[in-house]
Amino acid sequence: MIQNLSPEEIVRRESLDKLRALGIDPFPAAEYKTNSNAHDILNNYEEGREVRIAGRLHNMRDMGKASFAQLQDSTGKIQIYISIDSICPGDDKTLYKEVVKHLLHFGDFIGVSGKLFTTRMGEISVHVESFMLLAKAVKPLPVVKTDKDGVVHDAFTDPELRYRMRYVDLVVNEKVRDTFIARTKIVNAMRNFFNAQGYLEVDTPVLQAIPGGASARPFITHHNALDVPMYLRIANELYLKRLIVGGFEGVYEFSRNFRNEGMDRTHNPEFTVMEIYVAYKDYYWMMDFTEAMLRHVCEHALGTTTVQFADRTIDFGKPFHRITMTDAIKQFTGFDISGKSETELAAFAKSIGIDVTDAMGKGKLIDEIFGAKCEGNFIQPTFIMDYPVEMSPLCKRHRDNPELTERFELMINGKEVANAYSELNDPIDQRQRFEDQIKLQERGDDEAMFIDQDFLRSLEYGMPPTSGMGIGVDRLVMFLTNNEAIQEVLFFPQMRPEKFQTGPDLSEYTALGISDVWAEHVIRAGYDTIEKLKAAKPTAIHQNLNGYRKKNKLDIPAIQLDEVQAWLA
RNA sequence: GAUCUCGUAGCUCAGCUGGUAGAGCAAUACACUUUUAAUGUAUGGGUCCUGGGUUCGAGUCCCAGCGGGAUCACCA
């Protein structure tokens with residue numbers, strides 16, 4: 001296969017050979033020991049201090065017998081200054097005149113050592129005394145420049161390219177790296193908070209025979225040895241509850257879940273949910289706990305409890321609002337759902353423009369009303385409490401009202417971020433709820449509900465009263481890092497697989513008798529399929545190829561007409 | 001899945017009612033030993049996403065496809 005290389009890529013590839021001719025390995029193996037980094041230099045500057053650092057070369061400015069550039073490492077960028085005298089003290093100036101000026105390129109990794117100084121313009125720099133090429137970049141990075149006012153020019157912004165080539169995005173867009181560092185800090189802060197309470201981080205199966213704990217379309221795969229279908233988990237809830245049955249009093253897991261549904265800027269087929277279950281607690285306790293946890297996360301990961309998101313400021317420092325779903329609907333629609341029949345609910349839903357179908361039960365209708373009229377209004381963190389029993393098959397009935405459940409969702413910026421229950425631990429009720437779900441689905445829901453018999457059996461052995469909470473980690477990170485797309489907080493968001501053009505196979509050409517040196521050029525000259533070559537007149541091929549040879553100044557023998565005729569014979 | 005919209009040099013983008021494809025940066029060559037979006041001079045670089053159609057002539061208009069984005073649907 002041949003690759004179509006841009007002129008710039010060809011130059012860089014040719015530099016590999018030139019470097020090797022000078023005895024320089026463009027991809028050396030040995031460790032390069034460093035004693036500092038960009039951040040350290042800028043924060044602990046001391047004139048004349050000897051440093052040894054490594055990084056990627058940016059923004060080279062050749063000024064004749066001296067050059068400036070920036071070296072980018074994982075902590076930031078630092079300017080380096082290379083002069084002909086400091087790196088070539090003897091008569092041989094090749095290292096500067098050839099290597100620095102012509103064979104180093106933007107994007108290459110180099111290691112340098114030298115003394116710190118401040119330039120006339122006041123910029124802290126490394127006066128390079130020796131340098132070493134650590135790895136050559138044969139493909140040029142997008143050139144992004146930032147001027148003295150901090151304005152970014154020619155930013156690398158195409159979402160497709162940024163998401164497909166996150167490695168490039170991370171190199172040239174500093175904010176992207178900051179987002180992912182923040183993500184890890186957020187996750188670490190959550191983990192530390194749970195560990196400090198003595199809760200146990202656990203792992204449960206990703207590959208499940210029954211995809212339970214939520215209602216969503218799963219990804220299906222197949223286990224060959226057992227010859228059974230298997231599913232990627234849509235949730236881990238039922239497994240964590242089994243562990244509470246088993247005697248752990250607090251377990252949590254950062255669960256990568258998979259749902260075979262639509263993708264948009266808030267949904268990715270795989271996403272991360274943190275679920276935690278604590279024995280002997282109820283959902284009131286869990287509200288306090290969730291609030292304290294989020295405050296802890298903000299303080300430790302961001303250093304503040306007031307967070308800017310788009311044009312809004314979200315305050316995690318104040319006590320979170322709490323409102324029941326019934327009151328929320330009353331507040332925003334004036335309609336009181338309590339005690340209403342399915343028909344009455346359906347009529348009201350229709351009256352506010354909801355497309356009501358027969359598949360909708362009471363719970364679904366209430367959820368639709370809430371989603372249409374209330375959800376978007378809760379910008380500051382707000383707990384919505386006491387959902388209808390039909391929408392919450394894994395949640396305990398409300399202690400004061402059997403139509404409702406002891407459930408809350410945390411809304412931030414009009415979106416659901418967390419979901420929690422006083423967990424249903426009555427195995428008889430649980431079995432009945434699963435069966436009710438199936439009845440609902442028989443009315444028209446296309447998603448299959450799987451009854452997990454083993455989970456029911458575990459409840460029969462007894463589960464202590466427990467409260468559980470799940471929080472969408474990706475969404476939380478979005479809010480805390482001011483990103484409006486989930487793709488911005490996932491390193492490698494799902495994209496339609498990229499089609500790489502696999503060029504024609506050289507062997508097909510050499511099989512015709514075309515010489516090895518010519519085969520590639522025959523393809524580049526436009527005969528990129530054997531069919532095209534065979535359809536052309538030998539005289540035309542002959543002329544085209546020699547024209548191509550001349551144009552590209554190829555240092556290979558010209559083609560003779562009888563050679564071409566032999567290929568086509 | 002539906003609708004709208006975008007696809008032009010390595011990158012960011014211009015390209016008018018259809019008439020031989022442009023800029024900046026990057027690259028190449030030269031000059032310049034404290035510059036910083038370095039500067040100056042010169043040079044090279046294009047499957048205008050792909051395939052059809054209309055036309056004397058298509059980057060531009062029409063149709064289909066591929067890929068992206070936005071909105072909607074789906075996602076308790």
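Naming convention: chains lettered A, B, ... in sequence-line order (proteins, then strands); numbering from 1 in each chain. Because the structure is a prediction, the values reported are computed rather than measured.
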Requested in this report: For nucleotides B/rC48 and B/rC4, find the distance between their P atoms and express it as a whole number of Å.
Outcome: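 It works out to 27 Å between them.
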Name the nucleic acid region contacted by [X], choosing base, sugar-phosphate or nothing; use a 4.0 angstrom heavy-atom cut-off, strictly under.
X        : value
A/Lys148 : sugar-phosphate
A/Arg164 : sugar-phosphate
A/Arg265 : sugar-phosphate
A/Tyr387 : nothing

If the condition is side-chain contact (heavy atoms from CB on, under 4.5 Å), which residues does [X] pass it with, not counting sequence neighbours?
X        : answer
A/Met63  : A/Phe68
A/Pro269 : A/Phe219, A/Met263, A/Gln494
A/Ala310 : A/Glu484
A/Lys364 : A/Met360, A/Glu368

Query raised in the report: Which salt bridge (charged side-chain N to carboxylate O under 4.0 Å, His left out) pairs, counting each pair once, include a residue from residues 139-161 of chain A, with sequence neighbours left out?
Result: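 Found A/Glu9-A/Lys139, A/Glu160-A/Arg164.
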In whole Å, what is the span from the [atom1] atom of [X] to the [atom2] atom of [N]?
X        : N      : atom1 : atom2 : result
A/Glu484 : B/rU71 : CD    : P     : 9 Å
A/Gln70  : B/rA26 : CD    : P     : 14 Å
A/Ile234 : B/rC74 : CD1   : C1'   : 15 Å

Query raised in the report: Is it the case that more than 12 heavy atoms not belonging to A/Glu403 sit under 6.0 Å from its CD atom?
Result: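 Counting other residues, nucleotides and ligands, CD of A/Glu403 stays at 12 neighbours or fewer.
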Report task. Would you please name every residue forming a ring pair (Phe, Tyr, Trp, His ring centres under 6.0 Å) with A/Phe348, sequence neighbours left out? Result ->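 Per chain and number, A/Phe348 pairs via ring pair (Phe, Tyr, Trp, His ring centres under 6.0 Å) with A/Phe335.
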Query - With A/His398 via ring pair (Phe, Tyr, Trp, His ring centres under 6.0 Å) - residues at least two apart - result: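 Counting only residues at least two positions away or on another chain, A/His398 forms no ring pair (Phe, Tyr, Trp, His ring centres under 6.0 Å).
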Dump every N/O contact between nucleotides 1-10 of chain B and the protein below 3.5 Å, one line per pair.
none

For nucleotides 38-43 of chain B, print each protein N/O atom paired with a nucleotide N/O atom at under 3.5 Å, atom names and distance only.
unit_1 : atom_1 : unit_2   : atom_2 : d
B/rA38 : OP1    : A/Asn59  : OD1    : 2.9
B/rA38 : OP1    : A/Lys145 : NZ     : 2.7
B/rA38 : OP2    : A/Asn59  : OD1    : 3.0
B/rA38 : OP2    : A/Asn59  : ND2    : 2.7
B/rA38 : N6     : A/Asp62  : O      : 2.9

Does [N] have a Watson-Crick or wobble partner in any strand here, with both distances under 3.5 angstrom, and which is it?
N      : value
B/rC4  : B/rG69
B/rC75 : none
B/rU36 : none

Starting the side chain at C-beta, find the nucleotide from [options] nearest to [X].
X        : options                : answer
A/Glu123 : B/rA27, B/rC25, B/rU36 : B/rU36
A/Ser125 : B/rA27, B/rC11, B/rU35 : B/rU35
A/Asp158 : B/rG68, B/rU28, B/rA76 : B/rG68

Query raised in the report: Parallel under 30°, tilted from 30 to 60°, perpendicular over 60°: which one fits the rings of A/Phe117 and A/His127?
Result: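 Tilted.
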